[in-house]
Number of protein chains: 2
Amino acid sequence: MSKRKQFSNSNLLTLPVFYILLSLTTQERHGYDIMKQVEHDSNGKIKLGAGTLYGAIKRMLEDKLIVEGSSEHARRRYYKLTEKGRSIFNNQLERYNQAVEIARQKNLFAKLALAYV
Amino acid sequence: MSKRKQFSNSNLLTLPVFYILLSLTTQERHGYDIMKQVEHDSNGKIKLGAGTLYGAIKRMLEDKLIVEGSSEHARRRYYKLTEKGRSIFNNQLERYNQAVEIARQKNLFAKLALAYV
DNA sequence: AGAATTATATCACAATGCGATATAATGTCA
DNA sequence: TGACATTATATCGCATTGTGATATAATTCT
């Protein structure tokens, strides 16, 4: 009953989810902190709106990619990676790394550098 | 007047679109060829269904990320990158590269390597 | 005290992904 | 040649996710 994620590519992370997980790799964070960290890690390119953030958090909790952390605070709710979350994040990271390597082989970065001259 | 893409993060590429563009960086390809190349480039991890592929192609044509290529063939329709498509792809590639670099700084790859021992 | 910022949450609609399905040309090989 | 697999494009409807707007309230700043 109600198994979410019925698609075969479902262990692939969307960009917002990837960056949320990245922000949690080193420490547990609360929502607003995640927002700021993602913006920082993406050089200001990715700004998560509240809807994206809390919607994603809700789904990630359901999927057990994250759990509520131990930090106690009245207003804030902290989240941290689960083993599953870290594992799936690692897979995606490896995939990005491969894509970057392929781009390197195709010499795409050289063209990129030229474009900035 | 119908201006599609009213969201501010709309220049961020989804994973399927990124891989489609990657497959087109070196040569023009037809749809089925793109499908196979994406599967190859992702080590078999990403399998685009027909719906994903042709839906994405349609949108990418509208957004002028790709155009129909020059190769003539009765059955096949070839597509190639536009300057805009290449530019936006490069941005995303740079972003992935940064994410990978951040992960490297956080020593996440070391942990990743350990997990494979 | 009043304003700005921090912080979480939900809503409705927009955008995209996806398997199923349809259609047809081409290739294979018995 | 006939049957079957593969190549190739396309659309449909539903599932999933993203997004800005909006609401609420505590905390911080001046």
Side-chain angles (χ1 to χ4, degrees), chain A residues 1-21 23 28-40 42 45-63 65-66 68-69 71-79 88 92, chain B residues 1-21 23 28-40 42 45-63 65-66 68-69 71-79 88 92:
Chain A
M1 291 160 301
S2 85
K3 268 264 183 183
R4 284 198 325 98
K5 297 268 193 68
Q6 38 195 247
F7 296 145
S8 74
N9 277 341
S10 59
N11 54 339
L12 297 177
L13 305 176
T14 62
L15 212 53
V17 171
F18 175 81
Y19 273 96
I20 292 172
L21 291 178
S23 79
E28 56 181 57
R29 297 180 193 274
H30 58 94
Y32 199 76
D33 190 18
I34 292 173
M35 258 176 67
K36 295 297 166 194
Q37 188 62 29
V38 166
E39 193 171 344
H40 174 263
S42 68
K45 296 293 181 181
I46 299 179
K47 304 187 185 197
L48 303 179
T52 305
L53 178 67
Y54 292 102
I57 286 178
K58 194 178 221 176
R59 273 175 261 130
M60 291 161 81
L61 282 170
E62 286 171 27
D63 296 340
L65 300 185
I66 58 176
E68 291 222 19
S71 298
E72 292 287 338
H73 193 284
R75 300 168 61 202
R76 300 166 171 172
R77 318 187 64 161
Y78 284 80
Y79 305 98
I88 288 182
Q92 184 87 353
Chain B
M1 295 290 113
S2 83
K3 269 261 184 186
R4 287 201 324 100
K5 298 269 191 69
Q6 37 194 246
F7 296 146
S8 74
N9 275 341
S10 60
N11 55 339
L12 297 177
L13 305 176
T14 63
L15 213 53
V17 171
F18 174 81
Y19 272 97
I20 291 172
L21 290 178
S23 79
E28 56 182 56
R29 296 179 193 273
H30 58 94
Y32 199 76
D33 191 17
I34 293 173
M35 255 177 68
K36 295 298 168 194
Q37 187 62 29
V38 167
E39 194 172 343
H40 175 264
S42 68
K45 296 292 181 183
I46 299 181
K47 303 187 186 196
L48 303 179
T52 305
L53 177 66
Y54 292 102
I57 285 177
K58 194 178 222 175
R59 273 175 261 130
M60 292 161 81
L61 282 171
E62 285 171 28
D63 297 340
L65 300 184
I66 58 175
E68 291 222 19
S71 299
E72 291 287 338
H73 193 286
R75 300 168 62 202
R76 299 165 170 173
R77 318 187 64 160
Y78 284 80
Y79 304 98
I88 289 183
Q92 184 87 353

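Just so it is clear, the structure is predicted and the values come from calculations on it, not from any experiment. Chain letters run A, B, ... following the sequence lines, proteins first, then strands; residues in each count from 1.
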Colleague: When the axes are fitted on five pairs at both termini, how much does the helix from dA1(C)-dT30(D) to dA30(C)-dT1(D) curve, in 10° steps?
Modeller: 30°
Colleague: Taking the nucleotide of DNA chain C with the nearest heavy atom to each, does A50(B) or V17(B) sit closer to the 5' end?
Modeller: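 Residue closer to the 5' terminus by nearest nucleotide: V17(B).
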Colleague: Hey, which sits more toward the 5' end of DNA chain C by its nearest nucleotide, L12(A) or F7(B)?
Modeller: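 Closest to the 5' end, via its nearest nucleotide, is F7(B).
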Colleague: Expressed as a whole number of angstroms, how long is the span from K58(B):NZ to dC18(C):P?
Modeller: 18 Å
Colleague: Round to a whole Å and report the spacing from CG of L53(A) to P of dT17(D).
Modeller: 15 Å
Colleague: I need the CG-C1' distance between D63(B) and dA15(C), as an integer number of Å.
Modeller: 11 Å
Colleague: Report the C-alpha distance between V38(B) and L53(B) in whole Å, list the side-chain angles of each, state the deciding distance to 0.1 Å, and finish with yes or no for side chain to side chain contact (heavy atoms under 4.5 Å, CB included).
Modeller: CA-CA 10 Å; V38(B) 167; L53(B) 177 66; over 6 Å; no
Colleague: Distances under 3.5 Å between protein N/O atoms and the N/O atoms of nucleotides 5-7 of chain C, please, pair by pair.
Modeller:
from   : atom 1 : to     : atom 2 : distance (Å)
dT6(C) : OP2    : Y32(A) : OH     : 3.0
dT6(C) : O2     : R75(A) : NH2    : 2.6
dA7(C) : OP1    : R76(A) : NE     : 2.5
dA7(C) : OP1    : R76(A) : NH2    : 2.1
dA7(C) : O4'    : R75(A) : NH2    : 3.3

Colleague: Go through the structure and list residues passing ring-ring contact (aromatic ring centres under 6.0 Å, His included) with Y78(B), not counting sequence neighbours.
Modeller: H30(B)
Colleague: Let me know the distance between CD of Q6(B) and P of dG20(D), rounded to the nearest Å.
Modeller: 10 Å
Colleague: Rounded to the nearest 0.5 Å, how far does CG of L15(A) lie from CD of Q92(A)?
Modeller: 8.5 Å
Colleague: Do the non-hydrogen side-chain atoms of E68(A) and Y79(A) ever get within less than 4.5 Å of each other?
Modeller: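 Side chain of E68(A) against side chain of Y79(A), heavy atoms only: contact under 4.5 Å found.
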Colleague: With the side chain counted from C-beta on, respond yes when L61(A) and I66(A) share a heavy-atom pair under 4.5 Å apart, and no when they do not.
Modeller: yes
Colleague: How about N11(A) and K45(B): do any of their side-chain heavy atoms sit closer than 4.5 Å?
Modeller: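 Side chain of N11(A) against side chain of K45(B), heavy atoms only: no contact under 4.5 Å found.
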Colleague: Write down the distance between NE2 (H73(B)) and C1' (dT7(D)), rounded to a whole number of angstrom.
Modeller: 10 Å
Colleague: Compare the minimum distances between each of dA10(D), dG18(D), dT16(C) and the side chain of T52(A), then state the nucleotide with the smallest one.
Modeller: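 Nucleotide nearest to T52(A)'s side chain: dG18(D).
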Colleague: CD1 of I20(A) versus C1' of dT17(D): gap in Å, rounded?
Modeller: 11 Å
Colleague: Side-chain contact test, heavy atoms from C-beta onward, threshold under 4.5 Å: evaluate it for S8(B) versus K47(A) and give yes or no.
Modeller: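 No; the side chains remain at least 4.5 Å from each other.
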Colleague: How many angstroms lie between CD1 in I20(A) and CE in M35(A), if you round to the nearest 0.5 Å?
Modeller: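 So the gap between those two atoms works out to 10.5 Å.
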Colleague: Atom CG of L15(A) to atom C1' of dT16(D): distance rounded to whole Å?
Modeller: 16 Å
Colleague: Once you round it to whole Å, what is the distance between C1' of dT19(D) and CG of L48(A)?
Modeller: 11 Å
Colleague: Roughly how far apart are L48(B) CG and K36(B) NZ, rounded to 0.5 Å?
Modeller: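 Between atom CG of L48(B) and atom NZ of K36(B) there are 10.5 Å.
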Colleague: Is the phosphate of dT19(D) approached by N9(B) (side-chain N or O, under 4.0 Å from OP1 or OP2)?
Modeller: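 True: N9(B) side-chain N/O within range (under 4.0 Å) of dT19(D) OP1/OP2.
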Colleague: Give a yes/no on whether any side-chain N or O of T14(A) is located under 4.0 angstrom from OP1 or OP2 of dG18(D).
Modeller: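 The answer is yes; a side-chain N or O of T14(A) sits under 4.0 Å from OP1 or OP2.
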